[in-house]
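Just so we're on the same page: letters track the sequence lines, and every chain starts at 1.
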Number of protein chains: 2
Amino acid sequence: MRKTNTTLLTPVSNLSMTDRVENSLRQYFEDNKFKPGDPLPNEMDMATQLNVSRNVVREALSRLRMLGMVEARPRRGMVMAQPDLLAGIEKVLNPMILSKDNLKDIFEMRLILEMGVSEFLFARKTKAQVQELEEIVARQQNNEALTIEEEVAFHGKLYEMAGNDTFARFQNLLIPVFNHVFSERFRMHVEIPDPVTHHDLIEVLKNGTADDFRKAMYKHLSPYYHTSNISQVQAK
Amino acid sequence: MRKTNTTLLTPVSNLSMTDRVENSLRQYFEDNKFKPGDPLPNEMDMATQLNVSRNVVREALSRLRMLGMVEARPRRGMVMAQPDLLAGIEKVLNPMILSKDNLKDIFEMRLILEMGVSEFLFARKTKAQVQELEEIVARQQNNEALTIEEEVAFHGKLYEMAGNDTFARFQNLLIPVFNHVFSERFRMHVEIPDPVTHHDLIEVLKNGTADDFRKAMYKHLSPYYHTSNISQVQAK
DNA sequence: TATTTTTATTTGTAGGACAAATATAATAGC
DNA sequence: GCTATTATATTTGTCCTACAAATAAAAATA
């Protein structure tokens, strides 16, 4: 018998069946303390249990698979898996579809993270890594203005040195959006000379403290902070 | 005629058809510069275009709907939408299924963000907000140790004052995981007296600089930094 | 021209089918 | 009884058809 929408499952809310099944499944996994590797019920059982078609269950599971939360081993069943923290945001960081507000937020998030990581950077940096960083800068000494690739190489290395993979990956995801926002805002402007160069930063990294480094980084990033209407507001 | 897996679309990679259609669609939207509000082709056209069943297209679209990237208006077609930056990570922050590494990363990310936001906080805080913050603290003056809710109220207000919704929402998502990690690590420990209280922080917020505030915040968070094996490593 | 009626479109949901590979059970051989 | 082979069952991935319901578009009517 066809299940019309006149049953108890009538969408009283705006949510589709798929939305609700997705929520139900996550709740079910949490309530029953499913851990990575644990086998899950098969799709048909889920469907009958939740009183929906297998189609709806599969659409919900498709989402959870995308997040890395469940893993389907074809013809052997599904298991719980360790989700990929950034899988979702990674797919969505497209400057063309993000709102002005979101772009602003991302722009600032990069600055916030860059300023906040100093303690971890200093706690974990190794001599070998600092030397690798120096080699990256040495390769850049030739040119005048740095390309985006060179900026990414330098800052990316710093992220790596902080010893937090999620932080590093997150920052690397933000950078393209960051650059897009900056170039949009400065369409008509001339380029601002860098008050603190990458070479200067390395000196502080070698001989200074975490706090010294942050202050230097702030100056290095000051052109971007100015773009955020930060200094102006701060001044008044 | 049934499409067996002996066609050109044979999964030479590990990706399922749904995975590949999801990628194709995102690529298609990007290449054709789809912007929020733009109408999308209907499901059947997508399916025939990509040479897959409508089912597969719907499983891929289900993912993009979850991310807020596309919006389906039942019986009127689909439109591009502005994705929710944190929709993905929000569903995945379950301490029970996250790896030790991810939990560590999240724990540290909160500290990093808390330390990095000082400039924006000082640039945007208003007198009214500071007063609201004082009221929050006043309500807490009674007790000895602060509850998690009181901590969240105070720090959440600070996030709000920084004027970056994504940052604020992100931090609020991290906090429960942060607390979980901390309580796990300190199962056997006594509670560490807070060297810098919320009241102290407000004083710096009112009379100090962004940098003063960060230093005070560092001390306020020092019990957590110690947990990160930061100070030990830093000392050697 | 304005209003009503009919038709077409489109998503959401249900349900059936089957290929292919794996895991399990059953059978055969020794 | 034990091992090796064969048969069966299970399960995901994919395809297909169907249709309710609401909207938009077209046609018919006043």
Side-chain angles (χ1 to χ4, degrees), chain A residues 1-25 37-81, chain B residues 1-25 37-81:
Chain A
M1 185 186 300
R2 181 164 302 282
K3 189 187 295 93
T4 71
N5 270 345
T6 56
T7 69
L8 281 176
L9 289 174
T10 299
V12 103
S13 59
N14 283 344
L15 300 179
S16 67
M17 287 293 188
T18 301
D19 292 330
R20 296 201 279 165
V21 168
E22 182 216 318
N23 293 335
S24 296
L25 289 180
D38 290 351
L40 304 182
N42 67 48
E43 295 172 349
M44 208 50 215
D45 285 355
M46 290 179 176
T48 48
Q49 193 78 23
L50 295 168
N51 204 26
V52 295
S53 73
R54 191 178 153 221
N55 258 341
V56 167
V57 170
R58 278 190 60 84
E59 286 187 16
L61 285 170
S62 178
R63 300 173 175 185
L64 303 186
R65 274 200 299 273
M66 183 189 64
L67 299 178
M69 203 171 181
V70 314
E71 197 176 307
R73 299 165 307 173
R75 296 151 207 107
R76 285 187 297 157
M78 294 178 289
V79 293
M80 205 71 189
Chain B
M1 184 186 301
R2 180 164 303 281
K3 189 186 298 96
T4 70
N5 268 345
T6 57
T7 70
L8 282 176
L9 289 175
T10 300
V12 104
S13 57
N14 282 344
L15 301 179
S16 68
M17 286 291 188
T18 300
D19 291 330
R20 296 202 279 164
V21 168
E22 182 216 318
N23 292 336
S24 296
L25 289 180
D38 290 350
L40 304 182
N42 67 47
E43 295 172 349
M44 209 48 216
D45 285 354
M46 290 179 177
T48 49
Q49 192 78 23
L50 295 167
N51 205 26
V52 294
S53 74
R54 190 176 155 222
N55 253 340
V56 168
V57 170
R58 278 189 61 83
E59 287 187 17
L61 286 170
S62 178
R63 298 175 176 185
L64 303 186
R65 274 200 297 275
M66 183 188 65
L67 300 176
M69 202 171 183
V70 314
E71 197 177 308
R73 300 166 307 173
R75 297 147 207 111
R76 287 188 295 158
M78 294 178 288
V79 293
M80 206 70 191

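- The shortest heavy-atom contact between A/V79 and A/R73 is CG1-NH2, 3.3 Å.
- Looking at heavy-atom distances under 4.0 Å, A/N42 makes contact with sugar-phosphate atoms alone, never a base.
- As a whole-Å value, the separation of B/E43 CD from C/dT13 P is 11 Å.
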Quick one: do A/L40 and A/M46 satisfy side chain to side chain contact (heavy atoms under 4.5 Å, CB included)? Show the steps, please.
CA-CA 9 Å; A/L40 304 182; A/M46 290 179 176; 4.2 Å; yes

Steps toward side chain to side chain contact (heavy atoms under 4.5 Å, CB included) verdict (B/L67, A/M66)
CA-CA 11 Å; B/L67 300 176; A/M66 183 189 64; 3.9 Å; yes

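- The shortest distance between the side-chain N/O atoms of A/T18 and the OP1/OP2 oxygens of C/dT13 is below 4.0 Å.
- B/V57 approaches B/E43 most closely through the heavy-atom pair CG1-O, 4.1 Å.
- Rounding to whole angstrom units, CD of residue B/E59 and P of D/dC15 are separated by 10 Å.
- Side chain of B/S24 to main chain of B/R20: a donor-acceptor pair is present (N/O by atom type, distance under 3.5 Å, no hydrogens or angles).
- Atom CZ in B/R20 sits roughly 14 Å away from atom P in D/dG13 (whole-Å rounding).
- Counting to the nearest Å, the P atom of D/dG13 and the CZ atom of A/R76 are 12 Å from each other.
- As rounded to whole Å, 9 Å separates atom P of D/dG13 from atom CG of A/L61.
- Taking side-chain N and O atoms only, A/R58 has a distance below 4.0 Å to OP1 or OP2 of D/dG13.
- Side-chain N/O atoms of B/S53 include one lying less than 4.0 angstrom from OP1 or OP2 on D/dC15.
- Contact annotation: side chain of B/N55 to base of D/dG13, donor-acceptor pair absent below 3.5 Å.
- Across its full length, the helix from C/dT1-D/dA30 to C/dC30-D/dG1 shows an angle of 30° between the axes of its 5 terminal pairs at either end, rounded to 10 degrees.
- Taking 4.5 Å as the limit, some side-chain heavy atom of A/R63 sits within range of a side-chain heavy atom of A/T18.
- The minimum heavy-atom distance linking B/V21 with B/A60 is given by the pair CG1-CB, 3.7 Å.
- At a threshold of 4.0 angstrom between heavy atoms, the contacts of B/M78 are confined to the sugar-phosphate backbone, with no base atom among them.
- Only A/R65, A/A72, listed by number, bring a heavy atom of residues 62-72 of chain A to less than 4.0 angstrom from any atom of DNA chain D.
- C/dG15 atom P lies 11 Å from atom CE of A/M17, rounded to whole Å.
- Residue B/R75 places its side chain closer to C/dT10 than to any other of C/dA21, D/dG13, C/dT10.
- Across the protein-nucleic acid pair, B/R54 atom CZ and C/dT13 atom P stand 11 Å apart, rounded to whole Å.
- A salt bridge links B/E59 with A/R65: at least one charged nitrogen is closer than 4.0 Å to a carboxylate oxygen.
- Nucleotide C/dT9 holds its P atom 14 Å from the CE atom of B/M44, rounded to whole Å.
- Counting only heavy atoms from C-beta on, A/V52 has its side chain closest to C/dA14 among D/dC15, C/dA14, C/dT13.
- Scanning for side-chain contact (heavy atoms from CB on, under 4.5 Å) contacts around A/A81 gives A/E71, with sequence neighbours left out.
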Worked check of side chain to side chain contact (heavy atoms under 4.5 Å, CB included) between B/L25 and B/V70
CA-CA 11 Å; B/L25 289 180; B/V70 314; over 6 Å; no

